[in-house]
S.K.: 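Sharing a structure here in structure tokens format.
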Amino acid sequence: MPERGQRVVVTGAGHGIGRALATRLTAEGARVVVNDLDAAAATRVADDIGGHAVTGDAASEAGVTALVDAARHHLGGIDIWFANAGIDRGEGLQASEADWAAALDVNVLAHVRAARLLVPEWLERGAGRFVVTASAAGLLTMLGNPTYSVSKHAAVAFAEWLSSTYRHRGVVVQAICPQGVRTRMLDNAGPLQDLLSHDAAIAPEEVAEAMWQALADDRFLVLPHPEVAGYYANRATQTDRWLAGMNKLQRRLEAKGTTA
């Protein structure tokens with residue numbers, strides 16, 4: 001497991017998975033910077049766990065730069081970056097240009113911008129860890145929401161590229177890919193809640209526990225829902241059959257009048 005005193009940043013840590021990650025890591029001795037756009041939530045979590053709140057946008061170039069600078073100033077450096085902040089916007093082909101831009105900005109480009117600032121320092125000292133909260137949607141797909149599905153696939157792809165490029169130089173990259181998690185995002189999923197909870201929605205703390213265990217062996221894919229591994233294998237090896245199965249689910253949703 002990581003040594004006590006590791007210097008950690010968790011984005012989107014005011015609620016849900018981010019809060020659970022920050023709480024679990026602090027309990028194991030990490031020094032944690034809690035980031036969130038919601039200033040009150042970030043401060044509340046930081047106060048609860050004994051962390052340090054840095055509020056602001058973790059996606060924009062200026063926001064990421066400010067967060068990295070503030071975290072380095074407070075911690076003296078950054079050992080692990082949890083790129084956890086994410087959004088779920090837009091529906092079907094009617095998703096607007098603004099929805100697409102926001103999804104790609106927060107769910108993908110935020111990671112790119114953070115890595116630009118963090119990786120050079122990690123390469124100099126031969127150690128660093130970048131953890132992306134993606135989604136099972138990034139390995140499979142998300143019916144009804146192309147912006148989320150595409151951006152989470154891109155998040156996994158970027159994480160794969162980082163790992164392929166820098167693992168021999170001490171940079172560990174991991175991607176957390178849960179299915180349904182009992183967070184505000186699931187609460188707001190409307191008729192898709194049943195689909196997201198197909199293998200039972202789990203608590204954010206269970207995601208944090210899975211991530212903590214994965215820190216021990218540096219595995220790339222962190223699957224709080226183990227079933228996802230089988231779905232992912234079927235998608236790769238039996239693609240047409242898998243797509244037919246997903247289309248069957250789509251038709252069920254349409255029959256219920258729950259999706260376009």
Side-chain angles (χ1 to χ4, degrees), residues 10-13 15-21 23-24 82-92 103 106-108 111 131-160 173-215 219-239 241-254 256 258-259:
V10 184
T11 69
H15 306 274
I17 293 173
R19 175 177 181 144
L21 288 168
T23 301
R24 185 72 168 90
F82 281 88
N84 173 75
I87 61 170
D88 175 10
R89 282 181 52 175
E91 182 176 342
V106 177
N107 295 346
V108 186
H111 311 333
V131 182
V132 172
T133 300
S135 167
L139 302 177
L140 307 171
T141 195
M142 171 60 72
L143 294 177
N145 194 326
T147 61
Y148 189 78
S149 181
V150 170
S151 62
K152 289 299 186 179
H153 271 273
V156 173
F158 179 65
E160 289 174 339
V173 184
Q174 296 173 286
I176 312 172
C177 297
Q179 288 194 99
V181 182
R182 295 195 293 272
T183 64
R184 294 182 304 169
M185 189 175 289
L186 183 63
D187 291 340
N188 294 331
L192 291 175
Q193 278 193 27
D194 290 342
L195 177 63
L196 292 170
S197 304
H198 175 71
D199 290 305
I202 61 177
E205 291 74 19
E206 294 176 81
V207 178
E209 178 60 28
M211 184 64 240
W212 174 252
Q213 297 301 323
L215 293 177
R219 77 192 77 154
F220 177 77
L221 283 182
V222 182
L223 303 177
H225 292 83
E227 302 89 348
V228 170
Y231 303 152
Y232 189 37
N234 288 337
R235 173 181 172 269
T237 61
Q238 303 180 58
T239 305
R241 181 178 179 182
W242 180 81
L243 286 170
M246 293 302 294
N247 182 250
K248 184 177 181 179
L249 290 175
Q250 172 70 21
R251 283 178 281 149
R252 286 182 189 171
L253 292 172
E254 290 180 7
K256 294 179 180 179
T258 56
T259 188

S.K.: Sequence neighbours excluded, which residues qualify as side-chain hydrogen bond (donor to acceptor under 3.5 Å, both in side chains) partners of T11?
M.R.: none
S.K.: What's the separation between atom CG in L21 and atom CH2 in W212, rounded to the nearest 0.5 Å?
M.R.: 11.5 Å
S.K.: Quick check: closest heavy atoms across W242 and N234, and the distance to 0.1 Å?
M.R.: CB-O, 4.1 Å
S.K.: For L139, is there any backbone N or O sitting under 3.5 Å from a side-chain donor or acceptor partner on R235?
M.R.: yes
S.K.: Any idea which heavy atoms bring V173 and F220 closest together, and the distance?
M.R.: O-CD1, 3.3 Å
S.K.: Going by the rule salt bridge (charged side-chain N to carboxylate O under 4.0 Å, His left out), which residues pair with R241 if we only count those two or more places apart in sequence or in a different chain?
M.R.: none
S.K.: Between atom OG of S151 and atom CG of D88, what is the distance when rounded to the nearest 0.5 Å?
M.R.: 8.5 Å
S.K.: So, using side-chain hydrogen bond (donor to acceptor under 3.5 Å, both in side chains) as the criterion, who are the partners of T23 when residues are at least two apart?
M.R.: none
S.K.: What pair of heavy atoms forms the shortest contact from H111 to V106, and how long is it?
M.R.: CE1-O, 4.2 Å
S.K.: Check side-chain contact (heavy atoms from CB on, under 4.5 Å) between A210 and all other residues, then give those that pass, not counting sequence neighbours.
M.R.: V222, P224
S.K.: So, do Y231 and Q179 sit near enough that their side-chain heavy atoms are less than 4.5 Å apart?
M.R.: yes
S.K.: What's the spacing between I176 CD1 and N84 CG if we round to 0.5 Å?
M.R.: 7.0 Å
S.K.: Any heavy-atom pair between the side chains of L221 and Y232 that's under 4.5 Å?
M.R.: yes
S.K.: Just jot down the side-chain contact (heavy atoms from CB on, under 4.5 Å) partners of A203, sequence neighbours excluded, or say none.
M.R.: R182, E205, E206
S.K.: Can you give the donor-acceptor pairs under 3.5 Å from side chains of residues 152-160 to other protein atoms, not counting sequence neighbours?
M.R.:
from	atom 1	to	atom 2	distance (Å)
K152	NZ	T133	O	3.1
H153	ND1	G138	O	3.1
H153	NE2	A137	O	3.2
H153	NE2	L140	O	2.7

S.K.: Less than 4.5 Å apart, side chain to side chain, heavy atoms only: is that true for I17 and F82?
M.R.: no
S.K.: Could I get the full list of salt bridge (charged side-chain N to carboxylate O under 4.0 Å, His left out) partners for E209, not counting sequence neighbours?
M.R.: R24
S.K.: If you take all heavy atoms of C177 and A134, which pair is closest and at what distance?
M.R.: SG-CB, 4.0 Å
